[in-house]
Every structure is written in structure tokens, then in C-alpha cells.
Amino acid sequence: MQLYNTLSAKERAELIEKAGKDRLTLSFYKYAKIENPQEFRDQLFIVWNSLDVLGRIYVATEGINGQLSLPADRFQEFKDHLDTIDFLKGIRLNIAVEQDNMSFLKLKVKVRHKIVADGLNDDTFDVTNKGVHVGADEFNALIEDENTVLVDMRNHYESEIGHFKNAVTPDVDTFRESLDIIEDDLKAHKEDKNLVMYCTGGIRCEKASAYFKHKGFKNVYQLEGGIIEYTRQVNEKNLENKFIGKNFVFDERRAEKISEDVIAQCHQCGEPFDVHTNCANDACHLLFIQCDACKEEMDNCCSAACKEIHALPYEEQKALRKGQGNSNDIFKKGRADHLPYKKDLRNIFETLKHDKPKA
């Protein structure tokens, strides 16, 4: 019985191309008690593999977090299967704003300690006592309130290419880092400010809202379904779009265009640009923003040193990597010191010290 992916990304891409079928990219999450995550994981893999589902799915005792793609003509079969699982019956599926048949090229269903690495001890607070979920229209009205502080719960490399107007964008590498920063900077406003949060699909805000209520915040709100669902509602209801730029996504697409604004810049030359790439030197693989001109000049590398290594024959590159761990730059996501135009987002909570900034 097959319980793991057996094809390479290249082989899978060839099969997708040959099939000639449109695929849907979607995501969902659910906090729920799962007694045996490994058994549940294996059951999911067997069924989803038969449906030609591809993606990255995390299962833990606290629930499930899925980002995946599947043939569009098998969507109903997939949904019907979810409905056979009690805690997933009728769950909202966030359909991607922009579709790409190659968004995922492997099916990975992994058992993890948590479905989001939040670093929290859930036994110390009630994770079910969540903030108020709001849709796009109510969210738009709420963030115009002068007593609202709007906080982006994503990491710096996500908000760098796109965020809501007037949002606080903490300069952090991880979700866990932002929790302490927000609590500390807003400690004097736990009762007189509306704390409104958003993220990509809603999962980070789900836990964060309960955490901040536990910490004494009285008026806690979260954008239902995150940026993905917000965009769908804006388009469907013809609402004003208050998101500028792109929504960073964790698949081969890298981002979805929400507005025509380009708010980021190439990390090498400073020109307006908002497309992430990975350094072509496999020993580095740094995620950073590189415009087309720099891509050509630098051979898709982040530095002259990486360019030199990348120009070597493959076997020589492989020999250089032997015995070496991954570069820390892999995890810095555009923070390497040799990137002269990397953008530091230092506007942690200036909205409380000055007049609200203009968009």
C-alpha cells in the first residue's frame, strides 16, 4: 500500500502537462482533537493520492492545516470525502486567487507537533476562546475606526510585497516573535483599542486571537479566511479593496496579485519589484527579491560569491557542499547582509505614537 510520494517533481510536472487538465489550488485548516494523527495521516494519503491531490498538509493532535491542488473535475469528490470526516464536514475551502497547474508537485502529508509553529503552551490558555471573525465588508469598516490597530500577523518577507493600508507590519522572521512584540507595544491599550488581525488564510490569527484574549485584550477581531477569502468577497460583492500589492503564498506560485501596486524593491539594485526567487547556488538557496535585470546579470544568484560557485561544474559544487550544513541564509528570507536594498519593516506600532499614516 502506497503511503508516500514516489515521483520526483519533474516526473509529476510531466504527468500534469500530459494530462492537460486544469487544477485547483486551495487551502483550509481546522483546529480539532485528533487522537491518532499518524493513522489519520495515512488514511488521508491513501484517499487523496487516488484523487491526484498534491500539496503540503500538516496533521497534529490539535488539527489539520492543508495547502494543496487537485484536478478541477475531481473537486466534488474531494469535498465529498471531507464531508465524511466529522470535524471537516462543510469546512470552508479557500480557493486561490490565481491558479497554476504547477503550484504543487508532490503530495506530502506530515505528522507534526503543531499545525502552525507558534511556540505556545496551549495548556496555559483556552484556545477555543477566539476573537470575533469578521468578513470583508465589516473588516473594511472596522479598520477605518480611529480606535482600531490593524496588525499583520505574517512575517517580514510576506508583508514586504503586500499588506493592508495602514497595517502594522512587525519586522519578524517567525509568527511566535510577533506575539510578544504586539503584547508589549499594546499593553497600555488592552481595553480602549480594537485589535484587528489578519494573515494569509486565517490560521495564524485563529490561535493569536485566543492568546491575546487570554492576555487581557478586550476587543479582539480577526479577518475571516484571511487575505484569500477577503479577496474573494471583495470581488464577489464589489467592495473597496484595501489590500495593496501581492499576497505571499507557500507554493510554487510564490504570490498572488491582489492589486496592481508594486510596494517592494529588488534587494540588489533597489528598483521597484516584488517577485521572490531562490539563489541558484544550492548551498545558499536564499529567498530574496530579484528583478529581471539583476537576475540576468547575477545568473539568478544573490551574491558574486554564489555566482562563482554556481558557474562551477555540478560535481565541483556538490563536492564543496559535502559535509556542510545548510547556510543560515536559507532561513533569513532576504535578510542576508550582502543584499543592499533589503527592506527592514521597522514600523512596529508607530500608529499609536503619531497620527494614522496615509496609505
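Numbers here are sequence positions counted from 1.
- Remark: D126 engages T128 in a side chain to side chain donor-acceptor pair (under 3.5 Å) (not counting sequence neighbours).
- Tracing side-chain contacts under 4.5 Å through hydrophobic residues (I, L, V, M, F, W, Y), one reaches Y31 starting from V220; they form part of the same cluster.
- A donor-acceptor pair under 3.5 Å is absent between the side-chain atoms of N194 and the main chain of V196, judged by distance alone.
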Exercise. Please report the C-alpha distance between K215 and L179 in whole Å, then the side-chain angles of each, then the deciding distance to 0.1 Å, and finally whether the side chain to side chain contact (heavy atoms under 4.5 Å, CB included) criterion is met.
Key: CA-CA 11 Å; K215 288 294 185 176; L179 298 177; over 6 Å; no
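- The cluster map of Ile, Leu, Val, Met, Phe, Trp and Tyr, joined by side-chain heavy atoms under 4.5 Å apart, puts L26 and V59 in the same cluster.
- Taking every heavy atom of both residues into account, K89 and D83 meet most closely at CA-OD1, 3.5 Å.
- With a 4.5 Å cut-off between side-chain heavy atoms of Ile, Leu, Val, Met, Phe, Trp and Tyr, the cluster of L312 takes in I309, L320.
- Contact annotation: the side chain of V149 never approaches that of I182 to less than 4.5 Å [non-hydrogen atoms, C-beta and beyond].
- A pairwise comparison of heavy atoms in R112 and A60 identifies O-CB, 3.0 Å as the closest pair.
- For CD of E17, the number of neighbouring non-hydrogen atoms (other residues, nucleotides, ligands) closer than 6.0 Å is 12 at most.
- Around CG of N121, the count of heavy atoms belonging to other residues, nucleotides or ligands within 6.0 Å exceeds 12.
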Practice problem: Give the intermediate values and the outcome of side chain to side chain contact (heavy atoms under 4.5 Å, CB included) for residues R232 and I95. | Solution: CA-CA 8 Å; R232 186 193 70 79; I95 306 298; over 6 Å; no
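- Contact between K187 and K190 at its shortest, heavy atoms only, is O-CG, 3.6 Å.
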Exercise. Kindly indicate, with the supporting measurements, whether the criterion side chain to side chain contact (heavy atoms under 4.5 Å, CB included) is fulfilled by L44 and I64.
Key: CA-CA 11 Å; L44 290 182; I64 183 172; 3.7 Å; yes
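- Rounding to the nearest 0.5 Å places OH of Y157 at 12.5 Å from CG of D171.
- Cluster annotation: L70 and I91 are assigned to the same hydrophobic cluster (Ile/Leu/Val/Met/Phe/Trp/Tyr, side-chain heavy-atom contacts under 4.5 Å, transitive).
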Exercise. Show your reasoning for whether side-chain hydrogen bond (donor to acceptor under 3.5 Å, both in side chains) applies to N140 and E144.
Key: CA-CA 7 Å; N140 278 357; E144 291 300 323; over 6 Å; no
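- Of the possible donor and acceptor atoms, none in the side chain of D22 sits under 3.5 Å from a partner among the backbone N and O of N101.
- Counting heavy atoms of neighbouring residues, nucleotides and ligands inside a 6.0 Å radius, atom CD of E297 does not exceed 12 of them.
- Formation of a donor-acceptor pair under 3.5 Å by the E138 side chain with backbone atoms of V134 is not found in this model.
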Exercise. Let me see the working for E11 and L15 under side chain to side chain contact (heavy atoms under 4.5 Å, CB included), right down to the final yes or no.
Key: CA-CA 6 Å; E11 290 171 328; L15 286 178; 5.8 Å; no
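- The backbone N or O of C301 lies less than 3.5 Å from a partner atom in the side chain of Q268, making a donor-acceptor pair.
- Residue M298 is not grouped with residue F288 when hydrophobic side chains (ILVMFWY) are merged at heavy-atom distances under 4.5 angstrom, including chains of intermediate members.
- Closest of all the heavy-atom pairs between M153 and C205 is CG-SG, 3.8 Å.
- In this structure, I258 CD1 and E256 CD are separated by 5.5 Å, a value rounded to the nearest 0.5 Å.
- Residues I228 and M197 are members of separate hydrophobic clusters, defined by side-chain heavy-atom contacts under 4.5 angstrom among Ile, Leu, Val, Met, Phe, Trp and Tyr.
- Within the model, atoms SG of C279 and NE2 of H310 stand 8.0 Å from one another, a figure rounded to the nearest 0.5 Å.
- N129 approaches K213 most closely through the heavy-atom pair OD1-NZ, 3.0 Å.
- Put simply, the side chain of D152 gets close to the backbone of R154: a donor and an acceptor are under 3.5 Å apart.
- For the atom pair CD1 of I227 and OG1 of T200, the computed distance is 5.0 Å after rounding to the nearest 0.5 Å.
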Quiz item: Does the salt bridge (Lys or Arg N to Asp or Glu O under 4.0 Å) test come out yes or no for R253 and D100, once each step is laid out?
Solution: CA-CA 7 Å; R253 295 171 300 149; D100 186 328; over 6 Å; no
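- Using modelled atom types, no side-chain atom of R92 and backbone atom of E229 make a donor-acceptor pair closer than 3.5 Å.
- Side-chain contact between I57 and L107 is present, with at least one heavy-atom pair separated by less than 4.5 Å.
- Between F78 and W48, the angle of the ring planes lies from 30° to 60°, which puts this pair in the tilted group.
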Exercise. List the steps and the verdict of ring-ring contact (aromatic ring centres under 6.0 Å, His included) for Y230 and Y198.
Key: CA-CA 10 Å; Y230 173 86; Y198 70 90; 8.8 Å; no
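- Counted by atom type alone, S103 and T25 present one or more donor-acceptor pairs between their side chains at under 3.5 Å.
- With values rounded to the nearest 0.5 angstrom, K246 atom NZ is found 10.0 Å from E260 atom CD.
- Using a 4.5 Å heavy-atom threshold, the side chains of L286 and L339 count as touching.
- The list of ring pair (Phe, Tyr, Trp, His ring centres under 6.0 Å) pairs with a residue in residues 84-104, not counting sequence neighbours, reads F40-F87.
- Side-chain atoms of N300 never come within 3.5 Å of backbone atoms of K295 as a donor-acceptor pair (strictly under, hydrogens ignored).
- Looking only at side-chain heavy atoms (C-beta outward), R254 and V275 stay at 4.5 Å or farther from each other.
- A heavy-atom distance below 4.5 Å is not found between the side chains of K106 and L7.
- A heavy-atom distance below 4.5 Å is found between the side chains of E62 and D122.
- Looking only at distances, no side-chain donor or acceptor of Q67 sits under 3.5 Å from a matching main-chain atom of G55.
- Panel note: side chain R204, backbone C199; no donor-acceptor pair is recorded below 3.5 Å.
- For the atom pair Q290 CD and N278 CG, the distance stands at 10.5 Å (nearest 0.5 Å).
- Environment of NZ in K242: crowded, with over 12 heavy atoms of neighbouring residues, nucleotides or ligands closer than 6.0 Å.
- A salt bridge does not link E158 to K333: none of the charged nitrogens lies less than 4.0 Å from a carboxylate oxygen.
- Side-chain contact between F243 and V234 is absent, with no heavy atoms from C-beta onward closer than 4.5 Å.
- A donor-acceptor pair under 3.5 Å is absent between the side-chain atoms of T61 and the main chain of I34, judged by distance alone.
- Here the shortest heavy-atom pairing between E77 and L51 reads OE1-CD2, 3.6 Å.
- Side-chain contact check for R74 versus K21: every heavy-atom pair is 4.5 Å or farther apart.
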